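Everything on this sheet refers to the single structure shown next.
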Amino acid sequence: MGSAAPLNTVVSRRQIMTGAVGLTFALALDAGSAAVAAAPDGDGTRTRFSPWVSIAPDGTVSIMSAATEMGQGSMTSLPLILAEELDADWDKVRVEPAPVIERIYGNPAFGGAMYTAGSTAVRAYFEPLRIFGAQVRRVLLDNAARRWGVPVNELSTEPGVVVHAKTNRRLSYGEIAAFADIPATAPEIKPEDLKKPSEFRLIGRDVMRLELPTKVNGTAIYSIDVQVPGMIYGAVATCPVDGGSPGSFDEGKVKAMSGLLRQCACPMASAYSRRLPGPHSTAKQRSKALSAGIALAGPGVLIATWGSKTLPPPPAISVFQLPLTGSSRAMLKARSAAQRLWSKPSTAATMPITPKWSR
Amino acid sequence: MATAFRINGQAVSCDAPAETPLLWIIRELFKLTGTKFGCGAGLCGACMVHIDGERAFSCQTQISELAGRAVTTIEGLSSDSSHPVQKAWLAERVPQCGYCQSGQIMSAVDLLKKKPHPTRDEIVAHMGTNICRCGTYPRIVRAIERAAREA
């Protein structure tokens with residue numbers, strides 16, 4: 001969702017803090033490794049504490065989200081887990097999609113591949129993210145202790161602030177970020193260093209999914225919304241039912257479409273049709289074949305166009321040949337499905353790909 | 001021949017071929033990508049917009065039908081997501097993947113305009129034009145009921 005921060009490939013050695021030893025998805029990295037150097041560092045005003053966390057002087061905490069947001073809430077839940085142990089002020093957390101660097105951001109449930117599936121993200125990243133959050137919190141505490149000249153065990157945190165209760169002194173995470181000295185290797189965090197569930201401020205609380213507001217006003221960006229200069233558009237006009245293959249189409253009419261670059265027949269496929277269940281198949285097999293066929297049936301006509309001011313309408317001219325042979329019930333069902341889809345009598349062996357254009 | 005109409009209050013003119021679907025004009029020409037392409041056949045509702053205040057499938061509306069008319073897209077519903085339906089949508093956390101939701105919201109707004117206090121059955125019947133593959137229907141119904149209450 002949204003745009004990623006620009007990549008900054010210049011990263012100094014001391015800015016790198018690697019993950020905890022023993023976690024397969026955040027191995028101790030060479031400080032100069034290209035993979036780490038490619039990790040985003042925002043606009044350069046932020047201090048990067050680890051490949052997961054950067055903090056700006058104004059206290060904005062940027063956290064990487066390594067899973068793909070598909071509406072399941074990962075871009076909120078994963079950073080929230082890290083923010084919990086970091087004791088970050090959630091209102092000041094900004095989430096960024098992690099770049100594709102599997103050694104750092106990979107999903108432990110899939111051997112370290114950056115793969116979001118199977119309801120694994122929260123379970124698999126839970127412990128590592130807590131540790132990464134706790135590491136950054138520890139670095140902030142160490143820096144505050146040095147600045148004030150007090151033992152680190154006298155310090156505590158409130159969301160976004162390090163507190164020295166004895167002297168009633170406070171330093172915000174943003175203030176510390178401005179002078180922080182970041183160790184080359186991550187501080188060790190033991191399980192007992194992590195919060196007890198009773199101490200959670202964020203986990204278990206109902207928070208607004210971060211991307212949700214963009215989904216009620218049209219600003220959420222999906223892959224279909226991405227437009228780049230010079231892009232061309234391609235479309236495959238496929239037969240709406242399985243078993244159909246391209247019949248005749250009026251090449252001249254297609255060629256006359258404005259902006260058309262190229263057309264070609266795509267004979268990819270009757271692979272699926274050949275696997276159509278036979279007359280003795282079960283009703284379940286047939287219905288599965290039918291629905292898959294509608295979604296996947298390959299044979300078609302590819303029309304590629306330039307995106308331009310004069311947009312060609314889809315070709316209302318491609319004609320698909322429906323097989324007339326065979327009497328399996330699947331075929332009959334396909335025929336009647338086609339009839340319903342296109343509101344055309346199925347006695348004809350051909351049907352137009354675009355049934356109607358007026359409302 | 002150029003067609004003059006309005007999009008979200010702005011006067012626009014467009015010289016695309018007469019049969020070009022409004023959806024393509026909205027998305028490609030005016031870069032209003034909140035309105036989605038779903039089926040291209042008036043079956044799913046992802047492309048729903050308002051024309052002269054009433055909902056319409058933008059994939060089934062040709063540019064030639066638009067002369068002098070006013071189109072509203074999801075972006076034109078409010079400048080700050082403050083429309084009661086948008087607020088109810090957030091309060092009920094309706095969207096999952098969100099792809100169909102612009103169309104759902106435009107249909108819901110159309111319903112409440114015609115019938116400020118619809119019954120549950122009326123909501124379900126009216127919203128039958130819009131498909132949600134994530135299955136957010138129960139939340140859609142709740143959000144429309146909430147918007148009717150709170151508007």
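In what follows, chains are A, B, ... by sequence order, proteins preceding strands, each numbered from 1. What you are looking at is a predicted structure, and each value in this text was computed from that prediction instead of being measured.
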For Tyr137(B), ring-ring contact (aromatic ring centres under 6.0 Å, His included) partners two or more places apart = none
Side chain Thr76(A), main chain Leu210(A), donor-acceptor under 3.5 Å = yes
Side chain Tyr105(A), main chain Val100(A), donor-acceptor under 3.5 Å = no
Would you list the atom pairs, donor with acceptor, under 3.5 Å between side chains in residues 32-45 of chain B and any protein atom, with sequence neighbours excluded?
from	atom 1	to	atom 2	distance (Å)
Lys36(B)	NZ	Asp225(A)	OD1	3.1
Lys36(B)	NZ	Asp225(A)	OD2	2.5
Lys36(B)	NZ	Thr33(B)	O	2.6

Donor-acceptor under 3.5 Å (Tyr99(B) side chain, Arg133(B) main chain) = no
Residue-level contacts of residues 201-208 of chain A with chain B, using a heavy-atom cutoff under 4.5 Å | Asp206(A), Val207(A), Met208(A)
Between the main-chain N or O of Met64(A) and the side-chain N or O of Glu96(A), is there a donor-acceptor pair closer than 3.5 Å?
-> no
Among Gln104(B), Gln101(B), Arg93(B), which residue forms the greatest number of heavy-atom pairs with chain A at distances under 4.5 Å?
-> Arg93(B)
Out of Arg55(B), Met48(B), His83(B), which residue meets the side chain to side chain contact (heavy atoms under 4.5 Å, CB included) rule with Val109(B)?
-> His83(B)
Check ion pair Glu92(B)-Arg146(B) (N to O, under 4.0 angstrom) | yes
Hey, which residues of residues 72-81 of chain B are touching chain A, say heavy atoms under 4.5 Å apart?
-> Ile74(B), Glu75(B), Ser81(B)
Look only at the side chain of Arg6(B) and the backbone of Ala70(B), and say whether a donor-acceptor pair between them is shorter than 3.5 Å.
-> no
Are the side chain of Asp52(B) and the backbone of Arg69(B) linked by a donor-acceptor contact shorter than 3.5 Å?
-> no
